Structure formats: C-alpha cells, structure tokens
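Worksheet for the structure shown next.
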Amino acid sequence: MKSVALLHASQLVTLAGPKRPRIGAELSELAIIRDGGLLIRDGKIDIVGPSNEIEKKAGDAQIVNAKGRVVLPGFVDAHTHLVFAGNRLDDFERRARGETYEQIAKAGGGIWSTVEKTRATSDVDLLAQAKRHANWFLKCGTTTVEAKSGYGLAVKDELRILRVMQRLNQESSLEIVPTFLGAHAIPRDSSPDKYVDLVINEMLPRVASEKLAEFCDIFCERGYFDIERSRKILTAAKKLGLKLRMHVDQLANSGGAKLAAELGATTADHLEKTDEQGIAAMKTANVQPVLVPGSVYALGSTCYPRAREMIQAGLAVVLATDFNPGSSPTPSMPMVLSLACTQMKISPPEAVTASTINAAYSLNRGDKVGSLEPGKLANFAIFDCEDFRELAYWFGLPQTHSVYVRGERVAGF
Ligand SMILES: [Zn+2]
C-alpha cells in the first residue's frame, strides 16, 4: 500500500460538509484547517487533520511538505469544449479591431472554421492537441473537467471527438467527463429540421449504445436550436439514459432556463440573460446554474449573469471556464474566480465552492472529488500563497506550485 503524507498547508481548504451541493450561506463555509495535512493511502484520502496529528500517523509514508502554502481540492471545471483543432487567432484580432460577429463569419471565421479544421485533422493530431489542452488545465490546478463534443457536426466526426476524449481520459491524469453536443450549431450544408433528425436518429443512438457520453447538451438559442427543437432532441437523449446540460439564455432570454427546469436538466449554463422567472424555475426543479464569466469577458461584453440573485434564491451555483477557441480561450479557474469576484459580486469563498464541490455534484462526481474528505480521491493543488483569497486577488499571476491526482504529482513548477 502506497502512503503519502501532505503536511503544513497554511490553509487546507477541505470543503468538508453535507453530502450534496452547497446553497446559500453554505457556499461560504470552506471548513479550512490551519497548518493542515492529509494522509493518503492508495490514491485516496484516509485522514484529514492538523499537520501534527497527520505526522504522528504518517509511519513510512512519503512526505509532501507544503511549507506554508495553500492547498485546495483540484478544481472541477464543469463546462469545457476541450477537443478541437487549431485556434481562432484571426477572429481574435478582427474582434479586437472592432469587427462584428457577422463580419468575422463572412471572412471565414467563427465556429464553422473550427469545425472544418477539426474534421480535417487526423485522430493522432487531434489527440495530441487535446493532450496539450489537458496539460494547461492541470497546470492551472484543475483535475476534473467536463468536455463537450460539437466541432464535428456529422455522425462520423462527433463520434470521433468522443472517442478522442475516451483515449485522453486513459492517457492523461486529467479526468474527463464526456458530454455529447452534436446540437452545437446547424451545419452549413443542412437545414435545421434535417439536422435535428440526424442528431436524434443517427447520432444519439450511437452515442448511447457505445457509451461515449454521460450527458447530452444543446445550444438552445433563437436562430440555432429553438425551444421546440431543443425539447425534441433532449427528450430523445433522456429516453436513451443520458443526463442533460444546456447552453441557454446567452444571447437572449428565450426561455431556456425554464426548459431546463421542465426537462429536469442537471445544469443550465451561461444564463447571461435569464430573468427572475427563469431563476425561480431552476430552483423548483433543482437545476444547477453553471456560470461562465470567461466568455462574457473575452467577447468584450459586460452582461454577466445575475449570480447574486441566484445565490439568494438558493441555487447551487457552479463556476466554469467554458474553455473553447472562440469565445473563452482560457483553461484557468483562478482567472474565472477573479472574474466572479470582480464582475459578479461572488465572494472568494463562494467562488471556491462553486468551482470545486458544487461543480463535482453537477458532474455526478460529488462522492469522489471536489472536497478533501476521507474516502475521496487525493486530487489537490498546492498554490504559492498563504491565503486562498490570493488566487482571485492577484489576477493574471500563475500561482500553481504543484498538482496531485490520486496522490501522484502530475504538474509542478
Ligand atoms: Zn460552452
């Protein structure tokens, strides 16, 4: 049996608490142990407590001395588009020069350019690029991510992306939770109804029978997949045993949050334009809101979701990066914490809860990751600071010291 003793964390941020997503005042309760430590056996947390107690029980365990640094559970990023080819640097420059989304799309940019690049990239190259992205997440202190397909938009290519995720999960230390997002956009060479039929009749049955995804997601927005088409696709997904996540109310308040409640979705994501009725509907159906301020920031918008109202309404808020090449090219959860605190009036402890334990529950992993408690995986990150609030405060400064997955060091500086 392999043992590791982590000692002398200035703050061991455990997030120990009720075995469910945290709401209201619970979001601020981090259960911090000063000069804390962990005893790890076979990749799992055995004992959590003050360093002097852990040291007494350490025996011949390998010692990891945090030397007065902060230790957090590995971040859980519940909304990413991790597998894609290339980048959108030209779009980025055009947007910086003031061009609109329409002008950029006309010049050959936008989501379609990523679809074309992804389709044209070999499996080997796509996996190599995905591994590079996975390492970025680990370097930022994230140890579990949800990852969506959606840059294939054809049966063969959507399945291929999900298989790349499967391989990535085996070959990388980063844990990947796969989501099928065939309904990300309507391909140029198809009509909306024809494409909805393809998703329902050909993609979903294959995804379900080959067990390639745990969740089904959709881009529910007028002009993309409207409420009716979204209901049709998600109802079919649900019948096949997939759980639901949804991109809703990003561009307009089109009733997406309410549809998420009606369908019993696990999460409703984005929510920049969701109003109090949408918030109330989510509360009634226990839908977790996943807020992605990185995409608001990177698009140069100032319309952030009503996070404070959601917390006051008792929703189990989650924060995520929405990592993607177009609207949110960041794998950094510390950057998201900074945006949450400065732009959405979420406090630093609330932001930490939203990006760890609440995110873990939204991915059906609340019993395994997201907090430092006995029986859970020893996934944690050591940061070069003494107070966890520094992560959101010194924005833009990499503070990761080292990252551990199942008790093994997987990234460090
Ligand atoms: Zn997204």
Side-chain angles (χ1 to χ4, degrees), residues 75-85 87-88 91-92 101 110-115 118 130 133 136-137 142 144-153 158 161-162 165 176-186 199 213-225 230 233-234 237 242-252 254 256-257 259-260 265-274 287-299 301 303-305 317-333 335-336 339-340 354-355 359 362-363:
F75 288 120
V76 177
D77 194 338
H79 184 140
T80 85
H81 304 252
L82 181 134
V83 181
F84 56 85
N87 58 50
R88 297 249 283 277
D91 295 16
F92 178 66
Y101 185 83
I111 182 174
W112 192 249
S113 65
T114 300
V115 171
T118 304
H133 302 157
W136 290 345
F137 281 96
T142 298
T144 297
V145 302
E146 181 259 16
K148 304 173 195 297
S149 67
Y151 293 115
L153 306 186
E158 282 297 310
I161 291 170
L162 291 168
M165 283 180 202
I176 316 284
V177 181
T179 294
F180 168 63
L181 176 59
H184 192 193
I186 293 152
V199 171
E214 296 180 28
F215 293 90
C216 179
D217 195 343
I218 195 161
F219 191 69
C220 174
E221 203 79 44
R222 237 172 262 148
Y224 297 84
F225 297 89
S230 296
I233 289 177
L234 295 176
L242 292 164
K243 289 188 279 297
L244 311 180
R245 319 180 81 79
M246 295 173 67
H247 285 67
V248 300
D249 301 343
Q250 180 185 5
L251 310 175
S254 57
L259 181 64
T266 306
T267 70
D269 305 31
H270 275 284
L271 304 164
E272 283 88 336
K273 300 280 162 59
T274 302
V287 179
Q288 283 192 263
V290 179
L291 309 180
V292 289
S295 67
V296 182
Y297 167 81
L299 289 174
S301 161
C303 182
Y304 288 89
V317 170
V318 176
L319 284 167
T321 60
D322 192 13
F323 174 71
N324 77 75
S327 62
S328 192
T330 181
S332 170
M333 200 60 93
M335 178 67 196
V336 168
L339 291 170
S355 54
S362 87
L363 294 178

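In this chain, numbering begins with 1 at the start of the sequence shown. For the numbers below, each heavy atom of this structure counts, side chains included, while hydrogens, waters and symmetry mates do not. Whatever order the structure lists them in is the order used to number ligands and atoms, beginning at 1. Bear in mind the structure is a predicted one, so any value in this text is a computation, not a measurement.
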Partners of A354 by side-chain contact (heavy atoms from CB on, under 4.5 Å), sequence neighbours excluded? V317, L319
Residues at least two apart in sequence or cross-chain that pass side-chain contact (heavy atoms from CB on, under 4.5 Å) with A359, listed by chain then number, are V76, A78, V318
Determine whether T267 and F215 make a side-chain contact, defined as any pair of heavy atoms from C-beta on separated by less than 4.5 Å. no
Could you tell me how the ring of H184 sits relative to the ring of H247: parallel (under 30°), tilted (30 to 60°) or perpendicular (over 60°)? tilted
Considering the Zn ion (ligand 1), could you give the total of protein N/O/S atoms lying closer than 2.8 Å? 4
Would you indicate whether Y297, at its atom OH, is surrounded by more than 12 heavy atoms from other residues, nucleotides or ligands within a distance under 6.0 Å? no
For S113, the side-chain hydrogen bond (donor to acceptor under 3.5 Å, both in side chains) test, sequence neighbours excluded, returns none
